[in-house]
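Notes follow the structure.
The structure displayed is predicted, hence computed values, not measured ones. Letters A, B, ... mirror the listed sequences (proteins, then strands); counts begin at 1.
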Amino acid sequence: MTEQAPITSNFIREIILEDLKTNKYQGRVQTRFPPEPNGYLHIGHAKAICLDFGLADEFKGHTNLRFDDTNPSKEETEYVESIQQDVKWLGFQWDSLFYASDYFDQLYEWAVQLIKAGKAYVDDLSADQIREYRGTLTQPGRNSPHRDRSVEQNLDLFERMKRGEFPDGSRTLRAKIDMASPNLNLRDPVMYRILHAHHHRTGDKWCIYPMYDYAHGQSDSLEKVTHSMCTLEFEDHRPLYNWFIEQLGIFPSRQIEFDRLNLTYTLLSKRKLLQLVEERHVNGWDDPRMPTISGIRRRGYTPEAIRNFCNSIGVSKTNGSIELAMLEHFVREDLNKRAPRAMAVLRPLKVVIDNYPEHKVDELDAINNPEDASAGIRKVPFSRVLYIEQDDFRENPPKQYYRLSPGREVRLRYGYLITCTSVVKNEKDEVLEVHCSYDPATRGGNAPDGRKVKSTIHWVSAAHAVDAEVRIYETLFTKEDPNQVELGKDFTSNLNPNSLEIIREAKLEPSLATPQVGARYQFERLGYFCADPDSKPGHPVFNRTVALKDTWAKIEKKAPVDPGRGRPA
RNA sequence: UGGGCCGUCGACUAAUGGUAGGUCAAGUGCCUUUGGAGCACUUUGUCUAGGUUCGAAUCCUAGCGGCCCAGCCA
């Protein structure tokens, strides 16, 4: 396992350190991760999870998992299950599991208390009217005509809202704050709305449901949360968060806002991810192209890689976007150290070793992981007919191309030095097979005379090869910022038509015939691959997690001249 | 155009009035039975203009730029 990346400090840790120093909460650090169960968790949530759990762990504190389930029309138990699975998979364990709906009774009592204190009132205005009365960014709002009802009447009306006497949308409970506040959140925010909807946990007990602003801070307070982290867009809500707590005189949790994660070529909005799923642009929430935890897990990412990434990107209040290369770096770093190596040929080209005995099969030693001696070695069968990668042969090699070409000698990894003697082509001038001779004295890959070859290529014995499907992924979107669209179009116009390439004719070394689902390998010289649940015994399916860094691709891109054709490729 | 928040290498992030540092990316070299990995080196930055100060990324003022807020979503 990769050692933990050092966590660079941040302003939230500084706040906690200061609170610890001044003994503000008697040395307690209590956080919470509060997802709404209305979708799958994504890499952006992973950042929040690492923060919430990581900071609490660091200071011997506690973290609750709390489902923010105040809107029954969007929330489902499928999501609460996937969220728990994902948090655990990332390597975190919550101290207590709560639901905002656990607090519905208490929240109702507190609402009554606020009504009695003249701090809340039942409003009969419709949604449209409320919007109208709210004013605009530059103009103050106006008081609702119902704002000054008596406490008795408010109590009666609120009670009857709860009993179900009124239809959806006909009334709300509002906090009585200030319709002229420059902060729109303080212009008598709605605390309760009428919603005759079945709730995934409370069933039909309630037909009024608290709004986020009224539920979240009070839930934090009930759990004695000391540091309540959320994203920047809630900054404007903090005065309201504090207002409820002050009016109620309950435990003062503190809300601290940090910047949401943005990743290039990636969308991190639950609404848009849901759209991708529903419109079938991807094959479900766990499609390996999705930035969901379940998607990147299926893609082959490790929890350690994700945690190291989250701990390395820092936490601040600046709106920025992290390059996808950063995330990829951390999977490569982790997998390089732990993934066993294997040989796989994605686009096979037949190679015949003419001077190798027809039916001979040799078992060659291959190192499982050069980064980890304890991983040991395995046997790989070698015979007269092999597959190599089409990319590893060029009839007319460009400058700096070191791989196989007519007359050239290369090394077959853990095998022999071979020299290309001739090629067989079809009528379309395509190379069908390559003929080589091998040097029997080079078994294992070294020449007794000390001669060197410039290149080592991977291979699979044709007679022993396992047929496999390999899925190659590119970014889901073609634009760094998928939200950047022409007028009248939406983000789906930036979908990358080549985000998934299915290779059905891949040839794998025999040890890969029946991998465990989720097993991760490095296919030598190609990248990291992960066995997909679609695998069948003897016919595996692999997802490419990430390619290896490819220096040759860079060289070729920089000087795209093919001397064989005499013009830029 | 009301309010809130934010501007440091290409990206992300440190420096808490005292040497602008780290990671990724990019580049160069070494090494290599993965053109992988590793190692070494290199390039590029404090939004602008004033001010305070022995000294400013940091404090002040004024600009400029970006993000968020007018759901009975969270």
Any idea which of G4(B), G2(B), A37(B) is nearest the Asp236(A) side chain?
G4(B)
Between Lys317(A) and Asp259(A), does any side-chain N to carboxylate O distance fall below 4.0 Å?
no
OP1 or OP2 of G35(B) under 4.0 Å from side-chain N/O of Arg525(A):
yes
Polar side-chain contact Glu235(A)-G3(B) base: donor and acceptor under 3.5 Å:
no
Using a strict threshold of under 4.0 Å (side-chain N to carboxylate O), is an ion pair present between Asp52(A) and Arg66(A)?
no
For G27(B), does OP1 or OP2 lie under 4.0 Å from any side-chain N or O of Lys554(A)?
yes
Thr456(A) side-chain proximity, nearest of U34(B), A11(B), G27(B)
U34(B)
Is it possible for you to check whether Lys162(A) lies under 6.0 Å from the centre of the six-membered ring of Tyr108(A), through NZ or CZ, and within 45° of that ring's axis?
yes
Any Thr318(A) side-chain nitrogen or oxygen under 4.0 Å from OP1 or OP2 of C12(B):
no
Per-pair stack call Tyr212(A) and A74(B), 5.5 Å, 30°:
no
Tell me which nucleotide among C69(B), C12(B), G36(B) gets nearest to the side chain of Arg341(A).
G36(B)
Proximal nucleotide (of C73(B), U16(B), C69(B)) relative to the Leu184(A) side chain
C69(B)
Parallel, tilted or perpendicular: which one describes the rings of Tyr79(A) and Trp285(A), with boundaries at 30° and 60°?
perpendicular
Can you see if the side chain of His458(A) gets near the phosphate of U34(B) - specifically, an N or O under 4.0 Å from OP1 or OP2?
no
Please tell me which of the listed nucleotides, G36(B), A74(B), A14(B), lies nearest to the side chain of Leu548(A)?
G36(B)
NA contact type, Glu328(A), heavy-atom cut-off 4.0 Å: base, sugar-phosphate, or nothing?
nothing
Please work out if Leu364(A) contacts a base, only the sugar-phosphate, or nothing of the nucleic acid, heavy-atom cut-off 4.0 Å.
nothing
Where the side chain of Pro182(A) is defined as all heavy atoms beyond and including C-beta, which of G4(B), G3(B), U34(B) is the nearest nucleotide?
G3(B)
Looking only at side-chain atoms of Ser316(A), point me to the closest of U13(B), C24(B), U34(B).
U13(B)
Is there a donor-acceptor contact under 3.5 Å linking the side chains of Asn38(A) and Glu75(A)?
no
Is Glu233(A) salt-bridged to Arg260(A), going by a charged N under 4.0 Å from an acidic O?
yes
What is the ring orientation for His199(A) with Tyr209(A), classed by angle as parallel under 30°, tilted 30 to 60°, or perpendicular over 60°?
parallel
With pairs defined as Watson-Crick or G-U wobble and both distances under 3.5 angstrom, please note down RNA chain B as a dot-bracket string, | for pairing with another strand.
.((((((..((((....[..)))).(((((.......)))))....(((((..]....))))))))))).....
Can a side chain N or O of Arg134(A) be found less than 4.0 Å away from OP1 or OP2 on G71(B)?
yes
Is the centre of the Phe158(A) ring less than 6.0 Å from the centre of the Tyr192(A) ring?
yes
Donor-acceptor side-chain pairing of Arg411(A) and Ser455(A) below 3.5 angstrom:
no
Has the side chain of Gln139(A) got a donor or acceptor atom sitting under 3.5 Å from an opposite partner on the base of G2(B)?
no
Could you please name the option among A70(B), C72(B), G10(B) that lies closest to any side-chain atom of Leu137(A)?
A70(B)
Please confirm whether the shortest side-chain N or O distance from Thr551(A) to OP1 or OP2 of G36(B) is below 4.0 Å.
yes
Between C24(B) and Arg332(A), is there an OP1 or OP2 to side-chain N/O distance shorter than 4.0 Å?
no
Closest of U13(B), C72(B), A74(B) to the Glu233(A) side chain is A74(B)
Please determine if a side-chain N or O atom of Arg131(A) lies less than 4.0 Å away from the OP1 or OP2 oxygen of G71(B).
yes
Select one nucleotide: of G36(B), C72(B), G71(B), the one nearest the side-chain heavy atoms of Lys549(A).
G36(B)
Base orientation of G63(B), chi within 90° of 0 counted as syn, else anti, reads anti
